[in-house]
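In each ligand, atom 1 is the first atom listed, and ligand 1 is the first ligand listed.
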Amino acid sequence: MQGLDYDAIVIGAGMSGLYQLIRLRELGFRTRVFEAGSGVGGTWYWNRYPGARFDSESYSYGYSFDPELLQAWSWSEHFAPQPETLRYLNHVADRYDLRRDIQFETRVAAARYEEATRGWTVTLEDGSRHTARFLITAVGVLSAPTLPRIEGMESFAGRSWHTARWPKEPVDFAGLRVAVIGTGATGVQTIQEVAKTAGHLTVFQRTPNWCAPLHNRPITEEEQRRIKASYPEIFRRCEETFSCFIHTTDPRGTFEVTKEEREAFYEELYASPGFGIWVGNFRDMLTDPAANREISDFVARKIRQRVKDPALAERLIPTNHGFGTRRLPLETGYYEVYNQPNVRLVDTRETPIERITPAGILTSAGEQAFDVIVYATGFDAITGAFDRIDIRGAEGRRLKEAWAGGARTFLGMLVEGFPNMLMLLGPHTALGNIPRSIEYNVDWATRLLRHAQERALTRIEVRPEAVQAWHDHVLSCAEGLLTFQVDSWMTGVNRNVEGKQTRVVARYAGSAPDYRAWCDAVTAGGYRELMLA
Ligand code: NA7
């Protein structure tokens, strides 16, 4: 690779970048990882807000590639909190001596493919340039935070943060007047935690989300022994299920059972830990509106039972989308928070926020003073982190422009016109239980790179007809799903981002086994879908 600084440049040292680095070393690649944070961990580095934790069972979330690592690490809770996950990822970085190839506090500004060298030139924010044969993006799915577009935000005299830019030192909320804007999965986790200590908490809710109990608890010693003895079965299970969780769709249709059986099943799911109620529910929950109404009515009854003030309960019950059609926030006492005297809900559909003032927040009902404003307002998801880098492929074509009408990829990993660029967790890859998808993506990418290495190939590009076939498949998987009839980050809508107001199929909605079958067929067929030179 004469003339190029590295064999591969990886953008990002989160879960995907770290694992990719391990695999590239096995290929003997000279690799440089550029990471914006001052440490490893990606999502788990940035999202330090109070209450941040897994919604996947801890033991199904860690890396599975090394049996010794699995035995060396003990998760303390069924759904581990963020500080523990960050410790875990630091443990991984130490164990495999990864930091020597990672340059921290380094943000990539631009990346450009040069045909003359068949390589990528990566420009950092400090202006320095670095070249490599391959560019591997490990930039995450939910890593480009978005603030709301509210006038006067910069004028606020108190402290304010986006949840994904939380300060490293702990924040003491005792006695403070706190506002939280946003009630997605992040807002829910934050609200239920901050409500414990805040002097007064006001929640600004634009759209209520359906939430269900997490049922977290510590892992006992006996459970720890059982978990460590059964890792092969746990990961085999994750490989077989629809979205790599330990839960999977119930084969029964909602109306194939009696009303009593249905209620009993819902009760059982509501009382069980984790995502079972979302991804282990009746098979037609997200395709049949009547089936969806059944579970929505059930959860609405639960909310009414848990929130004492009936009018407030109604405000917390979604009316514009059915249960599970957006990402389900899991909660621990979230609804009970609204029974506390120090918590108030402001429905911004009834009393819109007009502006942020130096003292606090002005709504149509008047001004309220705050010491802290928390923006739990989400992310420019999936393509946002790509859009924030000026990525140009062959003939100088901008990725952002190529994806202006919605992303088009091959298997979520390759883009037509962007040779030698591989994406981990790119648009239209299988998501679900994310680390399981990461490990699959990295292993697939590594096999392709080994194939190129063994044959001294220096150019990899996907054929347009392969992109079209994959794109058609992605669209067909989304057909008939209620999820795609609702605004959310999964349908590419973010009202705080220019050009992201219309729904697209932003997420691959097929099963993980189906996704892997497509990818495995490409490998087995000798990469006929790619132009290799
Ligand atoms: P989400 O799920 O996108 O939630 C963002 C929340 O912020 C949501 O309730 C939004 O309301 C709200 N929002 C955004 N802008 C505004 C303004 N201007 N005013 C009021 N409220 C606003 O992001 P999360 O961080 O909670 O979760 C992202 C993923 O991270 C999650 O799915 C997990 O996978 C982990 P809206 O619904 O748009 O009306």
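- Below 4.0 Å from some heavy atom of Thr186 lie the following atoms of ligand 1, by number and element: 24 (P), 25 (O), 26 (O), 27 (O).
- Residues Val141 and Arg507 fail the side-chain proximity criterion, which asks for heavy atoms closer than 4.5 Å.
- Checking only distances, Thr348 never comes within under 3.5 Å of ligand 1, N or O to N or O.
- Using a cutoff of 4.0 Å between basic side-chain nitrogens and carboxylate oxygens, Lys302 and Glu267 are scored as salt-bridged.
- Contacts between Arg149 and ligand 1 below 4.0 angstrom, taking non-hydrogen atoms only, are absent altogether.
- Ranking the protein heavy atoms by distance from atom 37 (O) of ligand 1 puts Arg326 NH2, 2.9 Å first.
- A perpendicular orientation is assigned to the rings of Tyr59 and His78, their planes being inclined by more than 60° (bins at 30° and 60°).
- Close approach of ligand 1 to Gly182 (heavy-atom distance below 4.0 Å) involves ligand atoms 6 (C), 7 (O), 9 (O), 12 (C).
- Within 6.0 Å of CD on Glu350 lie more than 12 heavy atoms contributed by other residues, nucleotides or ligands.
- Given atom 6 (C) of ligand 1, the protein heavy atom at minimum distance is Ala376 O, 3.4 Å.
- Nearest protein heavy-atom contact of atom 38 (O) of ligand 1 is Arg206 NH2, 2.9 Å.
- Proximity to Arg495 (heavy-atom distance under 4.0 Å) selects the following atoms of ligand 1: 39 (O).
- A donor-acceptor contact closer than 3.5 angstrom is absent between the side chains of Tyr440 and Arg436.
- The part of Ile181 lying near ligand 1 is the side chain, judged by heavy-atom distances below 4.0 Å.
- From the protein, the heavy atom lying nearest to atom 39 (O) of ligand 1 is Thr207 OG1, 2.4 Å.
- For atom 34 (O) of ligand 1, the nearest protein heavy atom (residue, atom name, distance) is Arg327 NE, 3.1 Å.
- Which of Asn209, Asn320, Asn496 comes nearest to atom 15 (N) of ligand 1 through a heavy atom is settled by distance: it is Asn496.
- When only non-hydrogen protein atoms are considered, atom 2 (O) of ligand 1 lies nearest to Gly184 CA, 3.8 Å.
- Using a cutoff of 4.0 Å between basic side-chain nitrogens and carboxylate oxygens, Arg503 and Asp487 are scored as salt-bridged.
- Remark: Trp161 engages Trp166 in a ring-ring contact (aromatic ring centres under 6.0 Å, His included) (not counting sequence neighbours).
- For Ser488, no heavy-atom contact with ligand 1 is shorter than 4.0 Å.
- One finds no salt bridge joining Arg53 and Glu193 here, because no Lys/Arg side-chain nitrogen approaches an Asp/Glu carboxylate oxygen to under 4.0 Å.
- Scanning the protein heavy atoms around atom 9 (O) of ligand 1, the nearest turns out to be Thr183 N, 2.9 Å.
- In the vicinity of Pro148, heavy-atom distances shorter than 4.0 Å reach the ligand 1 atoms 17 (C), 18 (N).
- Contact annotation for Phe204 and ligand 1: no heavy atom of the residue comes within less than 4.0 Å of the ligand.
- One side chain, Lys168 or Tyr45, offers a donor N or O that lies under 3.5 Å from an acceptor on the other.
- What sits closest to atom 32 (O) of ligand 1 on the protein, heavy atoms only, is Trp489 NE1, 2.8 Å.
- Between Lys308 and Glu336, none of the side-chain N atoms (NZ, or NE/NH1/NH2) sits under 4.0 Å from a carboxylate O, so this pair counts as no salt bridge.
- Looking at Glu239 and Arg516, no side-chain N of the basic residue comes within less than 4.0 Å of a carboxylate O on the acidic one, giving no salt bridge.
- Screening Tyr375, Phe379, Tyr49 for a ring-ring contact (aromatic ring centres under 6.0 Å, His included) with His162, the sole residue that qualifies is Phe379.
- At a heavy-atom distance under 4.0 Å, no atom of Gln205 approaches ligand 1.
- Short contacts between ligand 1 and Leu142, defined as distances under 4.0 Å to a heavy atom of the residue, involve ligand atoms 29 (C), 30 (O), 34 (O).
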